Number of protein chains: 2
Amino acid sequence: MDIETSLFAFSALSQKTRLDVFRLLVKAGPEGMFAGDIADALGVRQNTMSTNLNILLRAKLIRNEREGRAIRYRADFDGIRGLLSFLVEDCCGGNPEHCAPLLDTLVCDCWETEND
Amino acid sequence: MDIETSLFAFSALSQKTRLDVFRLLVKAGPEGMFAGDIADALGVRQNTMSTNLNILLRAKLIRNEREGRAIRYRADFDGIRGLLSFLVEDCCGGNPEHCAPLLDTLVCDCWETEND
DNA sequence: TCGACATATCTAGTATTCTTGAAATATGGA
DNA sequence: TCCATATTTCAAGAATACTAGATATGTCGA
């Protein structure tokens, strides 16, 4: 995770609709939700939601996958974990034996992590 | 942590100078840094830094304390923890036995937490 | 109390971001 | 192929945020 991606990710989360979307997808769990259902759930116009979903995607905070003509979105826990690791990097001048493992548990048991 | 404070906090972290400041203070540890030294370290004008420090303060991401004529700033780990808890609240529809404890360790051993 | 130092506040010009109507792209079924 | 559905892209006006010069406030030492 570099500084540019981090800034973009925090910027993505600093807007109400997008923060609502991310938290909604966290609640939805690994099953995720279709783009249209997300827009309906939050009462946001479809094209506005599309723009906001794209911003969350580029920020690596969510992922998507086409299923027929609908597109399913899921929270990206690997992404958020990378972001938070960057945020508290070199805590206290860098005592890896104390600080590095702190974020290792930031994934709910019901999510599968992909890489590590 | 409510939605307004969260949005403000993410907005605070979405600006390069402020993200740099927060990460610098995380690295600095409990000792923190004086406002002027922070501005010098990051090559930012004094009044601009003052404005940015105030934004981080209001976002509950840092704290300050006057020492003579200087003011010492520290990262606020309780604040960031509250923010992250809010972000992944009700993970997977809310299975507290799996998801709630995930953030409990998000404090470096070398920091003292104040309340819980 | 006076001057120097450390930091904060005010103001305004510039730049960036948000939303939306309109139009385009992609998919599946008849 | 033609149409309906699901979603994305484009363009522009409105709103918001960033920076910096000037100035104000607070603290210490002489």
Side-chain angles (χ1 to χ4, degrees), chain A residues 3-25 28 31-76, chain B residues 3-25 28 31-76:
Chain A
I3 183 100
E4 297 306 329
T5 308
S6 299
L7 287 170
F8 194 80
F10 286 124
S11 170
L13 291 172
S14 70
Q15 205 269 341
K16 180 163 191 332
T17 297
R18 292 193 297 261
L19 182 54
D20 285 345
V21 167
F22 183 81
R23 295 189 354 117
L24 183 62
L25 289 178
E31 194 181 338
M33 289 176 72
F34 291 123
D37 293 338
I38 297 172
D40 289 346
L42 298 179
V44 173
R45 282 168 196 270
Q46 174 270 324
N47 61 346
T48 300
M49 183 54 76
S50 176
T51 298
N52 283 321
L53 286 171
N54 191 258
I55 290 172
L56 287 167
L57 264 183
R58 285 188 293 161
K60 299 189 189 304
L61 290 167
I62 64 177
R63 299 173 189 210
N64 66 357
E65 190 179 359
R66 182 174 280 277
E67 291 186 21
R69 33 190 155 181
I71 296 182
R72 187 184 293 276
Y73 284 86
R74 297 180 176 86
D76 183 343
Chain B
I3 183 100
E4 296 305 330
T5 308
S6 299
L7 287 170
F8 194 80
F10 287 124
S11 170
L13 292 172
S14 71
Q15 205 269 342
K16 181 164 190 332
T17 298
R18 292 192 297 261
L19 181 54
D20 285 345
V21 167
F22 182 81
R23 295 189 353 117
L24 184 63
L25 289 178
E31 192 181 338
M33 289 177 71
F34 291 124
D37 293 338
I38 297 173
D40 289 346
L42 298 179
V44 173
R45 284 170 195 269
Q46 175 271 320
N47 59 348
T48 300
M49 182 54 77
S50 177
T51 298
N52 283 320
L53 287 171
N54 191 259
I55 290 173
L56 287 167
L57 265 182
R58 284 189 294 161
K60 298 189 191 303
L61 291 167
I62 64 177
R63 299 173 187 210
N64 67 356
E65 191 178 358
R66 182 174 280 277
E67 290 186 21
R69 30 189 158 181
I71 296 182
R72 188 184 292 275
Y73 284 87
R74 298 180 175 86
D76 182 344

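Bear in mind the structure is a predicted one, so any value in this text is a computation, not a measurement.
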Peer 1: Output all residues satisfying side-chain contact (heavy atoms from CB on, under 4.5 Å) with A:F8, sequence neighbours left out; order by chain, then residue number.
Peer 2: A:I55, A:R58, A:A59
Peer 1: Decide yes or no on side chain to side chain contact (heavy atoms under 4.5 Å, CB included) for B:L53 and B:I38, but give the supporting numbers first.
Peer 2: CA-CA 10 Å; B:L53 287 171; B:I38 297 173; 4.2 Å; yes
Peer 1: Taking all non-hydrogen atoms of both residues into account, name the closest pair between A:A41 and A:L24 and its distance.
Peer 2: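 Residues A:A41 and A:L24, closest heavy atoms: CB-CD2, 4.1 Å.
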Peer 1: For DNA chain D, what residues of residues 8-25 of chain B have any heavy atom nearer than 4.0 Å?
Peer 2: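 B:Q15, B:R18 - these, ordered by number, are the residues of the stretch whose heavy atoms sit under 4.0 Å from the strand.
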Peer 1: Kindly compute the distance separating CG (A:L13) from CZ (A:F22), expressed to the nearest 0.5 Å.
Peer 2: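 Result: 6.5 Å between the selected atoms.
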Peer 1: Is a donor-acceptor contact shorter than 3.5 angstrom present between the side chain of B:Q46 and the base of C:dA6?
Peer 2: no
Peer 1: Using the salt bridge (Lys or Arg N to Asp or Glu O under 4.0 Å) rule, collect all pairs that involve residues 5-25 of chain B, keeping only residues at least two apart or in two chains.
Peer 2: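 Checked against salt bridge (Lys or Arg N to Asp or Glu O under 4.0 Å) - neighbours excluded - the pairs reaching residues 5-25 of chain B are A:E89-B:R23, B:K16-B:D20.
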Peer 1: Is the distance from OP1 or OP2 of D:dG21 to the nearest side-chain N or O of B:R45 less than 4.0 Å?
Peer 2: yes
Peer 1: Quick check on contacts: within residues 47-60 of chain B, what sits under 4.0 Å from DNA chain D by heavy-atom distance?
Peer 2: B:N47, B:T48, B:N52
Peer 1: For A:E31, does the CD atom have more than 12 heavy-atom neighbours from other residues, nucleotides or ligands under 6.0 Å away?
Peer 2: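 At most 12 heavy atoms, drawn from other residues, nucleotides or ligands, come within 6.0 Å of this atom.
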Peer 1: Tell me the closest heavy-atom pair linking B:Q15 and A:L7, and the distance in Å.
Peer 2: C-CD2, 3.5 Å
Peer 1: Return the minimal non-hydrogen interatomic distance between A:L61 and A:A9, and the atom names on each side.
Peer 2: CD1-O, 3.7 Å
Peer 1: To 10°, what angle do the rotation axes through the five end pairs on each side of the helix from C:dT1-D:dA30 to C:dA30-D:dT1 form?
Peer 2: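 One end axis against the other gives 30°.
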Peer 1: Is the phosphate of C:dA8, meaning OP1 or OP2, less than 4.0 Å from a side-chain N or O of B:Y73?
Peer 2: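 True: B:Y73 side-chain N/O within range (under 4.0 Å) of C:dA8 OP1/OP2.
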Peer 1: For nucleotides 24-30 of chain D, read 5' to 3', which letter fits each nucleotide if B means a protein heavy atom sits under 4.0 Å from the base, S means only the sugar-phosphate is that close, and - means neither?
Peer 2: ---BB--
Peer 1: Please tell me if the side chains of A:L56 and A:V21 come closer than 4.5 Å, counting only heavy atoms from C-beta onward.
Peer 2: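 The answer is yes, as the side chains (C-beta and beyond) meet within the 4.5 Å cut-off.
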Peer 1: A:I71 CD1 to C:dG28 P: how many Å, rounded?
Peer 2: 11 Å
